[in-house]
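Heads up: the structure comes next, in structure tokens.
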Amino acid sequence: TSRYARSIEMHQRACQVMPGGVSSPVRSFKSVGREPVTVKSGQGAMVTDVDGNAYIDYIGSYGPLILGHANDTVLAAITKAASRGSSFGMPTEAEYQLAVKVIEAVPSIEMVRFVNSGTEATMSALRVARAATGRSKIIKCIGCYHGHHDSLLVEAGSGCATQGVPSSPGVPSDTAANTLSVPYNDAQALEAVLDANAGQIAAFILEPIAGNMGLVLPREGYLAKVRDLCTKHGVVLIFDEVMTGFRVAYGGAQAIHQIKPDLTCLGKILGGGVPCAAYGGKRELMQHVAPQGKMYQAGTLSGNPLAMAAGLATLEQLQDGKAYELLDATSHSLALGLELQAAKAGVPIQINRVGSMISCFFTSEPVHSFEDTCRCDTKRFTTFFNAMLDQGVMLPPSQFETWFVSLAHDRQAIERTIEAAGIAFQAVAESAGSEKISQS
Ligand code: KE4
């Protein structure tokens, strides 16, 4: 029987009771032509599936697990908090403690509100911008993904791009009409839209370092230009750092690029793998949020004790900044190894990397925008993904996702990954050869 027999059987059963058998489309493995692997457990850099196969994991829950799976300090903190009760519907001290940590970590944040997902964080940040400016229109970047609420499911990245449905059915056209989109890394396009809609734009939201089209870095000067344009037009600049916050640096992308947005969205690492996200920024904006102000936003489990405990235990292990030097060194050696192996196999790739976020694009051209990522060879990516999976390396199952290295990925894990990549790039070269034959 196949090494994935139990996963296949589990998937067939799951599909009877959940759409696509998953709780999120990105987990479906549909785009890489196979049933998803059902995971049984994780420890450090490893996950084990229901068939007993072990994998070096580069999904890491799509970002939260920068410390690796089942980090004992985080687990102890969650267990301790849970023993005192999992949720109250009343304020607790832990919310205050994590709020203080967030404000210390991200100087542009003067006040913060906890929510339960990145989607809620970006949705609420947009509402603050609309409440504060009295304007309705917003601008986002093509290929950036900010969660699945209506205003931002327009030309979106991540699973939307993977499925080739960037603008989802079910979003009313007059809602979508309030969302304008521009290419990422193109300040001129942003300026043109701002000029054409003078006085009507409430916010410009972007991932300062884009992680949902695969990893795409801001061009030199782009973020500074964006900051100036938003200031000039009285537009609220929102940095969606749900993925990059505490990931690329303790202070996020805004710390690396020294740009101050008006509002910031955080998530993923903030909860250490337990549902938790947040939005925050200038006091003059956040004072609009109920009950201080009139802009309503609420949540039964917002700021819940388990997430606060997991978040505090996670940030405590990151705040001295040493983690980022180690993550960068580990990820750098992985990137070098991938480039060497691809060159040996004669497979052109482009690697984009910022610290422990890495993307391997199957193209010979540099990748600076969503348009560039769409020129990548997703067939080759699929061959590579499956060859890596069969050798015990779990990559995100899409060209439009970034890989995540954790502090638990040690030298041995990186070396084994590079070794597996050698075989996988060979498989791509051989399949590419067969493509040429079939095309000729
Ligand atoms: P959630 O609602 O999934 O917690 O966060 C939405 C979100 C917002 N902003 C950014 C920059 C994000 O990356 C995300 C979520 N990222 C995807 C991975 N590309 C989550 C994976 C999934 O959808 O299951």
Side-chain angles (χ1 to χ4, degrees), residues 18-31 36 39 57-66 114-126 138 140-163 165-166 168 184 203 205-218 238-248 252-254 261 263-279 299 301-302 304 307 310-311 354 356-359 370 373 394-404:
M18 295 177 285
V22 292
S23 298
S24 186
V26 298
R27 307 176 192 167
S28 82
F29 280 33
K30 220 157 109 183
S31 63
V39 172
D57 177 29
Y58 289 94
I59 296 177
S61 181
Y62 288 97
L65 299 173
I66 194 166
F114 293 112
V115 292
N116 300 286
S117 71
T119 296
E120 273 188 270
T122 58
M123 173 175 72
S124 309
L126 281 187
I138 59 158
K140 73 176 287 292
C141 289
I142 298 165
C144 280
Y145 177 74
H146 303 289
H148 63 85
H149 54 92
D150 285 357
S151 287
L152 287 167
L153 262 193
V154 174
E155 309 251 19
S158 181
C160 305
T162 306
Q163 296 193 97
V165 187
S168 165
Y184 178 75
I205 184 169
L206 77 163
E207 297 173 64
I209 295 171
N212 285 289
M213 37 180 115
L215 180 67
V216 174
L217 282 62
I238 304 174
F239 272 10
D240 177 354
E241 296 225 43
V242 165
M243 189 184 273
T244 53
F246 307 107
R247 168 61 63 177
V248 297
Q254 59 192 273
L263 292 175
T264 298
C265 302
L266 297 167
K268 295 181 190 270
I269 292 172
L270 180 63
V274 176
C276 179
Y279 64 100
L301 293 169
S302 295
N304 79 82
V354 177
S356 56
M357 290 174 73
I358 295 185
S359 276
F370 182 61
T373 65
M394 176 69 74
L395 304 177
S398 164
Q399 178 70 87
F400 301 100
E401 298 290 355
T402 173
W403 309 3
F404 295 99

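Both ligands and their constituent atoms are indexed starting at 1 by order of listing.
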Query raised in the report: Can you check side chain to side chain contact (heavy atoms under 4.5 Å, CB included) on I238 and T264, steps first, answer last?
Result: CA-CA 6 Å; I238 304 174; T264 298; over 6 Å; no
Report summary line: Tested for side chain to side chain contact (heavy atoms under 4.5 Å, CB included) against Y184, the lone hit among I142, L217, L206 is L206
Residue-level breakdown please: for [X] versus ligand 1, do any non-hydrogen atoms fall below 4.0 Å on the side chain, on the backbone, on both, or on neither?
| X | result |
| --- | --- |
| T119 | both |
| H146 | backbone |
| R27 | neither |

Nearest to [atom], what protein heavy atom do you find, and at what distance?
| atom | value |
| --- | --- |
| atom 7 (C) of ligand 1 | G147 N, 3.8 Å |
| atom 9 (N) of ligand 1 | D240 OD2, 2.7 Å |
| atom 21 (C) of ligand 1 | V26 CG2, 3.8 Å |
| atom 12 (C) of ligand 1 | N212 ND2, 3.6 Å |

I need the atoms of ligand 1 closer than 4.0 Å to a non-hydrogen atom of [X], numbered in the order shown.
| X | value |
| --- | --- |
| S117 | 2 (O), 4 (O) |
| S24 | 22 (C), 23 (O), 24 (O) |
| M243 | 13 (O), 19 (N) |
| E401 | 18 (C), 19 (N) |

Query raised in the report: Is there a donor-acceptor pair under 3.5 Å between the side chain of S61 and the backbone N or O of G63?
Result: no
Query - Flag, side chain of T402 to backbone of I358, donor-acceptor distance under 3.5 Å - result: yes
**Report entry** Nearest heavy-atom neighbours spanning N116 and S302
**Finding:** ND2-OG, 3.4 Å
Report task. Might you work through the side chain to side chain contact (heavy atoms under 4.5 Å, CB included) test for R247 and S356, ending with a clear yes or no? Result -> CA-CA 7 Å; R247 168 61 63 177; S356 56; 2.9 Å; yes
Polar contacts were defined as any N/O atom of the residue lying under 3.5 Å from an N/O atom of the ligand; does this apply to [X] and ligand 1?
| X | answer |
| --- | --- |
| K268 | yes |
| E207 | no |
| G118 | yes |

Query raised in the report: Can you list the steps and then say if H146 with E207 is a side chain to side chain contact (heavy atoms under 4.5 Å, CB included)?
Result: CA-CA 8 Å; H146 303 289; E207 297 173 64; 3.9 Å; yes
Query raised in the report: Side chains of E401 and S158: is there a donor and an acceptor less than 3.5 Å apart?
Result: yes
Query - Verdict with supporting geometry, I138 and S151, side chain to side chain contact (heavy atoms under 4.5 Å, CB included) - result: CA-CA 8 Å; I138 59 158; S151 287; 4.2 Å; yes
Query raised in the report: How long is the gap from CG on N212 to OH on Y145, to the nearest 0.5 Å?
Result: 7.5 Å
Query raised in the report: Is the shortest distance from atom 23 (O) of ligand 1 to a protein heavy atom below 4.0 Å?
Result: yes
